[in-house]
Amino acid sequence: MTDLFASIRQTVLAALAAAVPDLPPDIAARVEVTPTRDTAHGDMATNAAMVSAKAARQAPAKLAAAIAEALRADPAIQKADVAGPGFVNLTLDPAVFRAVLPVVLRAGEAYGDSTLGKATRVNVEYVSANPTGPMHIGHCRGAVVGDALANLLAKAGYNVTKEYYINDAGAQVAALAWAAYWRYLQAIGTAMTEEEFSAAVPGGLQYRGDYLIPVGEELARAHGTAFATPDKTVAPPDLWLDTVREKTIDLMMREIRVDLKRLGVDQDVFSSERALVASGAADAMLAKLEADGLIYEGVLEPPKGKTPDDWEPRPQTLFRATEFGDDVDRPLRKSDGSNTYFANDIAYHNDKVSRNYDILIDVLGADHGGYVPRMKAAVRAISQDRVKFEAVLCQIVHIVRGGEPVRMSKRAGTYVTLSDLLDEVGRDAVRFTMLFRKADAQMEFDLDQAIAQTRENPAFYVQYAHARCRSVLRAAAEAQPAASLTPEALADADLSSLTDEADTALIRRLASWPRTVEAAAIAREPHRIAFFLYDLAGDFHMLWNRGRDDSTLRFLQADRPVETRARLALVAATAIAIRSGLRVMGVEPVEEMR
RNA sequence: GCGCCCGUAGCUCAAUUGGAUAGAGCACCAGACUACGAAUCUGGGGGUUGGAGGUUCGAGUCCUUCCGGGCGCGCCA
């Protein structure tokens with residue numbers, strides 16, 4: 001077992017079982033062994049007595065005393081004290097903590113890997129930006145959170161697929177095609193003004209960003225003037241719409257993939273809404289729901305309070321979402337007979353269900369919060385409750401520079417593009433900064449802070465800790481060319497000199513990496529990895545700085561080979577844990593800062 | 001009007017998912033460099049966790065209610 005906390009928990013459970021022989025399993029499951037907040041309370045604490053007192057019909061303090069007594073017999077446990085209302089505080093034999101280092105060194109970056117997920121099949125869908133323009137800051141957070149969450153679940157033992165859903169079927173992409181067509185007309189030298197053109201578009205010209213100019217030029221190169229009237233004005237859509245739409249989506253997706261690659265996001269599966277509809281899967285899905293009696297023609301109540309001015313009762317094709325926990329039944333067809341987005345999305349999620357996943361996780365923008373209950377209802381209905389649907393909502397990101405709001409708009413008009421952000425900040429800092437917040441809380445992304453080479457930039461601070469570790473190991477290799485400094489070799493070092501409290505603090509942190517991974521995976525909260533690394537880096541920098549005043553805490557001590565070797569083991573293990581965490585976040589560890 | 005999310009130090013955010021005295025960074029105050037890289041470090045001040053009730057051994061966390069902010073609320077995706 002590589003998780004020291006899990007191991008000690010087994011010891012506690014054994015002691016508890018001795019004190020309360022017939023304890024129900026569901027009570028035992030609630031027993032926790034956690035790191036203490038304050039080291040004055042020892043190394044670990046357990047709530048065993050408090051959670052089982054009622055079932056055991058004993059006072060918590062008395063039960064705690066019995067558990068503590070039993071635990072004191074264990075050689076790994078140096079002290080076991082009853083505290084507060086019934087905690088048992090444990091102080092471990094320091095050698096037990098130190099024994100974590102060889103475990104880390106032998107495991108390498110696999111340290112923290114867990115079997116928690118039991119190979120459960122999970123599909124994580126994220127980004128899924130409409131192919132109507134360049135990716136922007138709003139997509140970025142979902143991309144990073146989704147990617148890190150998928151990595152996290154994989155590390156925790158789930159069988160994970162990363163997926164992108166291309167929303168290429170709705171009215172939006174038709175509007176996009178019209179916008180590209182406008183750039184095409186410009187490219188061939190039309191005399192129309194933008195206003196004249198907009199008047200000719202159903203619904204008006206929507207996408208006016210410069211990013212479609214190259215698309216228009218590409219269309220002009222490929223098709224000459226064939227898509228326009230002889231006087232270079234709007235030709236009948238039958239002539240060009242399908243071709244232009246296809247070409248534009250293709251080019252937009254190509255650009256999105258470039259952005260994703262730059263961001264370090266590499267999804268396994270790209271699913272197309274259009275392909276899904278064209279295959280007949282959507283209609284088949286509706287037919288099946290119909291056959292199951294989950295669809296009816298009905299009229300919805302008007303929304304309470306603010307009723308839209310043009311509201312009027314109207315019969316619709318509705319899905320019985322309320323039977324599965326939603327607030328209201330949801331429409332599946334528009335009045336022109338085509339499917340709503342929701343209808344196609346049911347089909348898409350059914351596609352995922354049929355690919356045999358146990359859990360479907362959608363990473364969505366917070367503006368989709370209202371969409372979650374209906375999708376949850378749909379997945380329950382189509383999978384007969386076999387598959388679990390979850391959503392991770394990402395709140396809005398405000399870009400600021402030195403406290404002032406930023407609106408970059410080189411190409412796209414009103415929003416900050418991902419590409420601009422990557423140009424300025426770089427992939428690793430973008431990812432780290434995005435993950436240094438809980439996903440469902442609004443965040444400010446400070447550009448100055450993200451590129452700062454100081455402690456206030458967590459991305460830098462963690463990278464710096466890793467670089468320092470590597471720097472020490474390089475220096476050691478130079479000083480002792482004959483010695484083997486591989487992690488495996490260091491795992492055999494005599495560690496008994498690692499007794500300073502700064503040493504112990506760092507080792508305690510390393511010991512809690514496996515439980516951090518599991519807790520973060522269960523909560524679907526990748527930001528916890530970032531905070532763990534920040535704390536770990538803090539412990540390491542602290543130790544480094546202590547070496548200024550106390551030379552026995554320096555990592556390289558020429559006249560003390562045994563101590564040096566122990567400290568190198570500590571450094572190497574720290575570097576491994578940092579890399580293990582950065583890997584989850586999709587951030588590349590650096591060997592040196594320059 | 002209803003639903004979901006949020007409200008924590010002056011600012012940006014944590015808090016081991018119900019655990020012990022609510023923690024970091026920035027900012028502020030006072031100190032520290034002939035260095036395994038000071039790209040920093042040490043110490044200090046700063047809180048009625050929006051308000052009020054409740055649940056229990058124990059509440060920032062759960063329940064009720066009010067206040068304030070964000071998002072959503074029949075054929076947008």
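Each chain gets a letter, A, B and so on, in the order its sequence line appears, and its residues count up from 1. As the structure is a prediction and not an experimental result, all values here were calculated from the model. In what follows, every heavy atom counts, from backbone to side chain, and hydrogens, waters and symmetry copies are set aside.
A gap of 16 Å separates the P atoms of B/rG50 and B/rG68, to the nearest Å. Distance check on atom C1': B/rU16 versus B/rU12 gives 22 Å, rounded to whole Å. Here the separation of B/rC63 from B/rC5, taken at their P atoms, is 9 Å to the nearest Å. Going from the C1' atom of B/rG58 to that of B/rA32 covers 43 Å, rounded to whole Å.
For the pair A/A171 and A/I396, both in contact range of RNA chain B, the more 5′-proximal nearest nucleotide belongs to A/I396. Both A/P315 and A/V88 lie close to RNA chain B; mapped to their nearest nucleotides by heavy-atom distance, the more 5′-ward contact belongs to A/V88.
Nearest nucleotide to the A/Q316 side chain, out of B/rA20, B/rG74, B/rA77: B/rG74. Checked against B/rA20, B/rA77, B/rU17, the side chain of A/E525 finds its nearest nucleotide in B/rU17. Candidate nucleotides B/rC13, B/rA38, B/rG74 were compared by shortest atom distance to the side chain of A/R314, and B/rG74 ranks first. Of the candidates B/rA20, B/rG72, B/rC13, the closest approach to any side-chain atom of A/D367 belongs to B/rG72. Checked against B/rU17, B/rG74, B/rA20, the side chain of A/R528 finds its nearest nucleotide in B/rU17. Out of B/rU17, B/rC76, B/rC36, the shortest distance to the side chain of A/A523 is found at B/rU17. When distances are taken from the side chain of A/E456 to each of B/rG25, B/rA38, B/rA14, the shortest belongs to B/rG25. The side chain of A/R455 has B/rC41 as its nearest neighbour among B/rA14, B/rA20, B/rC41. Side chain of A/E32, nearest nucleotide from B/rU17, B/rC26, B/rC13: B/rU17. Residue A/A83 places its side chain closer to B/rA20 than to any other of B/rC6, B/rA14, B/rA20.
Taking a pair to require two hydrogen-bonding distances under 3.5 Å in either a Watson-Crick or a G-U wobble arrangement, B/rA30 pairs with B/rU42. For B/rC4, the paired nucleotide is B/rG70, the pair qualifying as Watson-Crick or G-U wobble because both relevant distances are below 3.5 Å.
Cation-pi check for A/R515 over A/F5 is met; the charged atom lies under 6.0 angstrom from the ring centroid and within 45 degrees of its normal.
With A/H466 contributing its side chain and A/V590 its backbone, the two residues share a donor-acceptor pair below 3.5 Å.
Residue side chain A/R37 reaches the base of B/rU16 through a donor-acceptor N/O pair under 3.5 Å, judged by distance alone. In this model, a side-chain donor or acceptor of A/H368 finds a partner on the base of B/rA77 within 3.5 Å. In this model, a side-chain donor or acceptor of A/N89 finds a partner on the base of B/rA20 within 3.5 Å.
Donor-acceptor pairing under 3.5 Å is recorded for the side chains of A/S271 and A/E163.
For A/M542, the CE atom sits in a loose shell: 12 or fewer heavy atoms of surrounding residues, nucleotides or ligands are nearer than 6.0 Å.
At the heavy-atom level, A/P35 lies under 4.0 Å from base atoms of the strands shown.
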